[in-house]
A.B. asks: 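To start, I am sharing the structure in question, which I have written as structure tokens.
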There are 2 protein chains.
Amino acid sequence: MDKIRQSTLHGEVAERVRDLIAQGVLAPGSRVPEKQLCEQFGVSRTPLREALKVLAHEGFVELLPNRGARVAKLTRTTLKNTFEVMQSLEALAGELAGTRISDAELANIEALHYQMLAHYKGGNMQEYLLTNQQIHEAIVVASQNDVLIDVYKNLNHRVRRVRFTAELSKDYWSQAVSEHESMVEALRARNGAALGEILRCHLRNKVEMSALEEMAE
Amino acid sequence: MDKIRQSTLHGEVAERVRDLIAQGVLAPGSRVPEKQLCEQFGVSRTPLREALKVLAHEGFVELLPNRGARVAKLTRTTLKNTFEVMQSLEALAGELAGTRISDAELANIEALHYQMLAHYKGGNMQEYLLTNQQIHEAIVVASQNDVLIDVYKNLNHRVRRVRFTAELSKDYWSQAVSEHESMVEALRARNGAALGEILRCHLRNKVEMSALEEMAE
DNA sequence: CTCCTTTTTTTTGAATGCATAATTAGATTT
DNA sequence: AAATCTAATTATGCATTCAAAAAAAAGGAG
């Protein structure tokens, strides 16, 4: 692993630790080994600890007094709550994007949409989910609301580790795809209200929720 | 000023700095004087700097490489964006609270509502705004969605410094009050959908927005 | 052998120290 | 006196150090 050198050292470290958590290298509930990570990243404890404070605020780890940081467990309840909020934010993003989206952004989303359809037809679920994710992120960005974008990105980060583990049923999948058709149509028509409504009910998150049923507490 | 001693030192420090920013002691755009604050709080630079990292993530300050932290300016755009998101979150909270709110919580909100009406009748705008704020917070809490509550609280923190500076027009004020009547009714009926709809259109934030017109960039 | 106590080691939280970058103050020139 | 360049001062970013707490290991009693 190469060392970290950048303007915001703690930011880089935070990014790395987030990755380790997302990849499951740092298991939920396990303590965060400060010393080891410092050696691994080639930094001292100061920036690492700064990063941990931020990560704690983001909900990735919890700080226990005199016991350092532990990787936060993603309970089913927390995940459900997170998706609930994200879905609401996406709906708002859709409403805003409807009036604010640029032609270039729309074209990009259309391109992603066709990619996604291809993955659907090809039965390539991993690729499908990735592209699907990108479309939703693009809509959020098109809202041009920086606060919304920030909050959404943060929540998205948190649930990253359970993403792409879903096994969609045929029915759910086809319905999600057809909803995406409507989304793109609403975007083309610059109809924010319609897009918001679709996203508010869009079952992508519900699909992801279903993946949690199997998840261990 | 008394010293800080608690389990999470950086958390306490962050709280204090937030207050200083909210109260305007630390002016927007001004640099955060590390040394001075350390002396004032009776702590070393380490916990203060940890707090600054968190505050930067929260949007209270911005970190400039090799130039420390500056108090973030709340531009009109950022405020507008923040209120937009908060309004959307409140709407979601309303939907959820409709089905989840406890009798005790409902009773509390009703009590606050009557307090608020009294302040309205008495023309006491400061007290009105405070109670109004408490009602909205209570609805968010009643959603029982911890993620939602967290995100909302954070955004609320950010705009604290411009809160309660609003001068409401008679018309806006009376309409906001009547909307609150509907809100309480919807809550009593445990009608989340209706409450969500009301909150989505509720002009409290719009009122607050109007106060920003006068605000300097 | 198991359970409890005591000692050692490790880890944590926070202060301090140090090298570098930025700011201020002062000198020099015009 | 104004402007520009240079030296002194200060602030910043990170590493290191130190005291206190927790975890682990060793010892002893039942």
Side-chain angles (χ1 to χ4, degrees), chain A residues 1-21 25-73, chain B residues 1-21 25-73:
Chain A
M1 278 218 179
D2 39 43
K3 298 200 175 184
I4 287 168
R5 282 293 141 194
Q6 249 231 10
S7 54
T8 58
L9 196 49
H10 76 275
E12 283 293 311
V13 172
E15 187 65 32
R16 287 278 210 106
V17 176
R18 262 193 292 262
D19 285 346
L20 291 180
I21 293 173
V25 179
L26 293 174
S30 69
R31 74 191 311 169
V32 179
E34 281 189 16
K35 206 180 168 194
Q36 184 189 313
L37 291 179
C38 286
E39 286 167 13
Q40 196 171 335
F41 297 159
V43 300
S44 78
R45 282 177 58 220
T46 306
L48 176 66
R49 300 186 97 256
E50 287 170 349
L52 288 176
K53 302 292 180 288
V54 173
L55 291 172
H57 199 80
E58 288 176 356
F60 284 91
V61 303
E62 0 181 34
L63 302 177
L64 296 98
N66 293 317
R67 302 183 159 209
R70 300 188 106 83
V71 179
K73 288 183 189 172
Chain B
M1 279 220 179
D2 38 42
K3 299 202 174 181
I4 288 169
R5 281 294 141 195
Q6 251 231 10
S7 54
T8 58
L9 197 48
H10 77 275
E12 284 292 311
V13 172
E15 187 66 30
R16 288 278 211 104
V17 177
R18 261 193 292 264
D19 285 347
L20 291 181
I21 293 173
V25 179
L26 293 175
S30 69
R31 75 190 308 166
V32 179
E34 278 189 17
K35 206 179 167 192
Q36 184 188 313
L37 291 179
C38 286
E39 287 167 13
Q40 197 172 334
F41 297 158
V43 300
S44 78
R45 283 176 58 218
T46 306
L48 176 65
R49 300 185 98 259
E50 288 170 349
L52 288 177
K53 302 291 179 289
V54 172
L55 291 173
H57 200 81
E58 288 177 355
F60 284 92
V61 303
E62 357 180 37
L63 302 176
L64 296 96
N66 292 318
R67 302 182 160 208
R70 302 187 105 83
V71 179
K73 288 182 188 172

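In the text below, chain A, chain B and the rest are named by the order of the sequence lines, each starting its count at 1. Computed from a prediction, not measured in an experiment: that's the story for all the values here.
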A.B. asks: Excluding sequence neighbours, so at least two apart, what forms side chain to side chain contact (heavy atoms under 4.5 Å, CB included) with A:A69?
C.D. replies: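 Applying side chain to side chain contact (heavy atoms under 4.5 Å, CB included) to A:A69 gives A:V32, A:L52, A:V61, A:L63.
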
A.B. asks: Please report, rounded to the nearest Å, how far the C1' atom of C:dA14 is from the NZ atom of B:K53.
C.D. replies: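 Spelled out: NZ on B:K53 to C1' on C:dA14 is 15 Å.
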
A.B. asks: Considering residues at least two apart in sequence or located in another chain, which fulfil the side-chain hydrogen bond (donor to acceptor under 3.5 Å, both in side chains) criterion with A:R45?
C.D. replies: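 Here the qualifying residues are A:E34.
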
A.B. asks: Rounded to the nearest angstrom, tell me the gap between atom CD in B:E12 and atom P in C:dG13.
C.D. replies: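 After rounding, the gap between these two atoms is 16 Å.
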
A.B. asks: Measure the distance from CZ on B:F41 to C1' on C:dA15 and round it to the nearest whole Å.
C.D. replies: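 Roughly 17 Å, once rounded to whole Å.
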
A.B. asks: What are the two closest non-hydrogen atoms of B:V71 and B:A27, and how far apart are they?
C.D. replies: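 Scanning both residues, the minimum pair turns out to be CB-O, 3.3 Å.
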
A.B. asks: Using only heavy-atom distances, decide whether a donor-acceptor pair under 3.5 angstrom links the side-chain of B:T46 to the base of C:dA15.
C.D. replies: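 Flag set: donor-acceptor pair detected.
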
A.B. asks: How close or far is atom P of D:dT10 from atom CD of B:Q36, stated in whole angstroms?
C.D. replies: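 Atom CD in B:Q36 sits about 15 Å away from atom P in D:dT10.
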
A.B. asks: Sort and list the pairs that fulfil salt bridge (Lys or Arg N to Asp or Glu O under 4.0 Å) and have at least one residue in residues 60-70 of chain B, not counting sequence neighbours.
C.D. replies: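 Residue pairs with at least one partner in residues 60-70 of chain B: there are none.
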
A.B. asks: Can you list the residues that meet the side chain to side chain contact (heavy atoms under 4.5 Å, CB included) rule with B:D19, with sequence neighbours excluded?
C.D. replies: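 In terms of side chain to side chain contact (heavy atoms under 4.5 Å, CB included), with neighbours along the sequence ignored, B:D19 is linked to B:E15, B:Q23, B:R160.
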
A.B. asks: At their closest point, which heavy atom of A:A51 faces which heavy atom of A:V13, and how far apart are they?
C.D. replies: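 Of all heavy-atom pairs spanning A:A51 and A:V13, the closest is CB-CG1, 3.8 Å.
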
A.B. asks: Can you measure B:L63 atom CG to D:dC14 atom C1' for me and round it to whole angstrom units?
C.D. replies: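 Checked: the CG to C1' distance equals 14 Å.
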
A.B. asks: In this structure, how many angstroms lie between the C1' atom of C:dA14 and the CG atom of A:L52, rounded?
C.D. replies: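 So the two atoms are 15 Å apart, to the nearest Å.
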
A.B. asks: Roughly how many Å is it from CG in B:L48 to C1' in C:dG13, rounded to a whole number?
C.D. replies: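 Nearest whole value for this atom pair: 15 Å.
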
A.B. asks: For a quick check, with a 4.0 angstrom heavy-atom cut-off, what is the B/S/- contact string for nucleotides 7-12 of chain C, read 5' to 3'?
C.D. replies: ----SB

